[in-house]
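Input: a single structure, listed below in structure tokens.
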Amino acid sequence: MVTDRGYVEELADVEDDFDRWYVEVVRKAEMADDSPVRGTKIIRPYGFALWENIQRQLDDRIKATGVENAYFPLFIPKGMLEREAEHVEGFAPEVAWVTHGGHRKLEEPWAVRPTSEAIICPIYARWVQSYRDLPILINQWSNVVRWEERPRAFLRTVEFLWQEGHTAHASLEEAEERTLMMLDVYRDLCETELAIPVIPGLKSDSEKFAGALRTYTIEAMMGGKHWALQSGTSHNLGDHFGRVFEINFLDDQGKRHFAYNTSWGLSTRIVGAVIMVHGDERGLKMPPRVAPTQAVIVPIWRKNKEREEVESAVQQVRDSLPSNLRVKADLRDDKTPGWKFNEWELKGVPVRIELGPRDIASEQVMVVRRDTGEKSAVPMTELPALLPGLLDEIQDNMYQAALRMLTEKSVRVTDYEELRQRAAGNAGFSYAYWCGSEACEDKVKTETRATIRCIPFTQPEQSGPCIVCGTDSETEVVFARAY
RNA sequence: CGGGGCGUGGCGCAGUCCGGUAGCGCACCGGUAUGGGGUACCGGCGGUCGGAGGUUCGAAUCCUCUCGCCCCGACCA
């Protein structure tokens, strides 16, 4: 296990200055870069590769539930966006407007979509006549724009990438079922692919999506300050959008009804979660299942004669590995092995394979795990069989580590002062009873800056006193500060 | 949008208070020796100091305006 920080001293301390650590690790690991346009960031190939892997996993899961992909326009005419009152009101402060086309002023400005309900629902209205046209199950991968004031790479940028699913159903029950189904897809994605444990639950009314009947969320705990990150949301829109956009249909009795809608989204913000949940003092730590590079082979040699020998051995080892693994051979000759070790650790590659003359002589390679730093000699012939299992083990170990953090930093509190102190001290998630009143919710928010992240599905057996007003309550919620 | 800080070669910084025509480390290019945890030495290339205007014989330095970034708050996927 490597303990000295070496060059990594250049990286801000992950415990003492987490925000700075984040900014630096994003840049140094070449995940993202600043852009000339205020509030926007450039996602570099290494960051985008992670997103693509996440995307692929999620896309497969979405399609497996019977949803098809489609694409709707970037622009929404002003009038259309304004149809659903709560919806506009909620998004108004963050909408960007197109007022001119070429030299001509538009008669009706276009909104750049902050989300697409307002453009998709009117189209669904056209497509739906009968109950036989339902359900409509569509997802789109897109960019959206929300005029944010404090941009942070991946976590909050003016333009970001996501998928947004939009469905229409004949009954509220069916819509609810879909809403929960998709939330569970997100939960599974996070836990299985990203090694991030999450708390699924319901949002309080004040935190729900503008225009929704109910919003469900998965909340993850970040490292460093142990703040929460809303990592995916799923909304049951009820018939609010069905009514205003007139998505109506005749049932099998010839009776007219409005359709029930759902929408659900997961964004590039999740990349920020991967960084913040797993990263450590040496940089990123990629979950093997989505890591852009799962293993890197670093050749070690002195003289040109050795170089040839080593590089051909590297090639052989590489060719011997299962072709579905993402393996990279780092043959650069302008960097020393030590330099490469540090760089790949910073980038979080799960496994490093070192191969030098000494290894060739004994027909082995040195295998080093990023998660534990553990180093071991593996016979070359055994590597192909061993590597997939090792990656699984690392994935599991990372999940367990994240779960341990979540568990250790989650505490049930009954005393308001304790809640306040935990919030101030970045102590993690605080579980407490809540009477359900907005007044109590607000008080906590203004006084402690912690918010109700969700009302977890898993609830205690007994009731208890509201953390603020003391009223006996059935509901336990998670309070935490959030990104 | 409110409070604070900062913008000087690709990156990190010094120089700004007390104006005199730009410097250091890293990176980059060339070389020699190296190469199992950011290798050493030698020789180079590169900036007009975020932008605009003003004061002055002369501005990175002083004044005004402006843009951007970072941190803290209000809002958020």
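Residue numbers start from 1 in every chain, and the chains themselves are labelled A, B, ... in the order their sequence lines are given, proteins ahead of strands.
- Going from atom NE2 of A/His87 over to atom P of B/rA77 covers 12 Å, rounded to whole Å.
- In this pair, A/Trp51 and A/Trp141 present their aromatic rings perpendicular. The plane angle is above 60°, beyond the 30 to 60° band.
- Put simply, the side chain of A/Ser410 never gets that close to the backbone of A/Phe429: no donor and acceptor are under 3.5 Å apart.
- In this structure, A/Phe160 packs face-to-face on the six-membered ring of B/rA77, meeting both the 5.5 Å centre cutoff and the 30° plane limit.
- Pair assignment for B/rC26 gives B/rG10, based on Watson-Crick or G-U wobble hydrogen-bonding distances that are each under 3.5 Å.
- At a cut-off of 3.5 angstrom, counting only N and O atoms as typed in the model, there is a donor on one side and an acceptor on the other between the side-chain of A/Asp359 and the base of B/rG36.
- Atom pair A/Lys335:NZ and B/rC29:C1' shows a separation of 13 Å (rounding to whole Å applied).
- Residue contacts shown for A/Arg358 include a base, since a base heavy atom lies under 4.0 Å away.
- We find that A/Arg56 and A/Asp60 are not joined by a salt bridge, their nearest charged nitrogen and carboxylate oxygen being 4.0 Å or further apart.
- Mapping A/Thr446 and A/Ile300 onto RNA chain B by nearest heavy atom places A/Ile300 at the nucleotide closer to the 5' end.
- Rounding to whole angstrom units, CD of residue A/Glu343 and C1' of B/rA27 are separated by 13 Å.
- When heavy atoms are screened at a 4.0 angstrom cut-off, A/Asp333 is found touching base atoms of the nucleic acid.
- For A/Arg352 against B/rG37, a side-chain N or O and a base N or O form a donor-acceptor pair under 3.5 Å.
- Contact annotation for A/Thr215: no contact, since no heavy-atom pair falls under 4.0 Å across all strands.
- Of the possible polar contacts, one joining the A/Arg113 side chain to the A/Pro73 backbone as a donor-acceptor pair under 3.5 Å is found.
- Using a 4.0 Å heavy-atom criterion, one finds that A/Arg156 contacts the bases of the nucleic acid, with or without backbone contacts as well.
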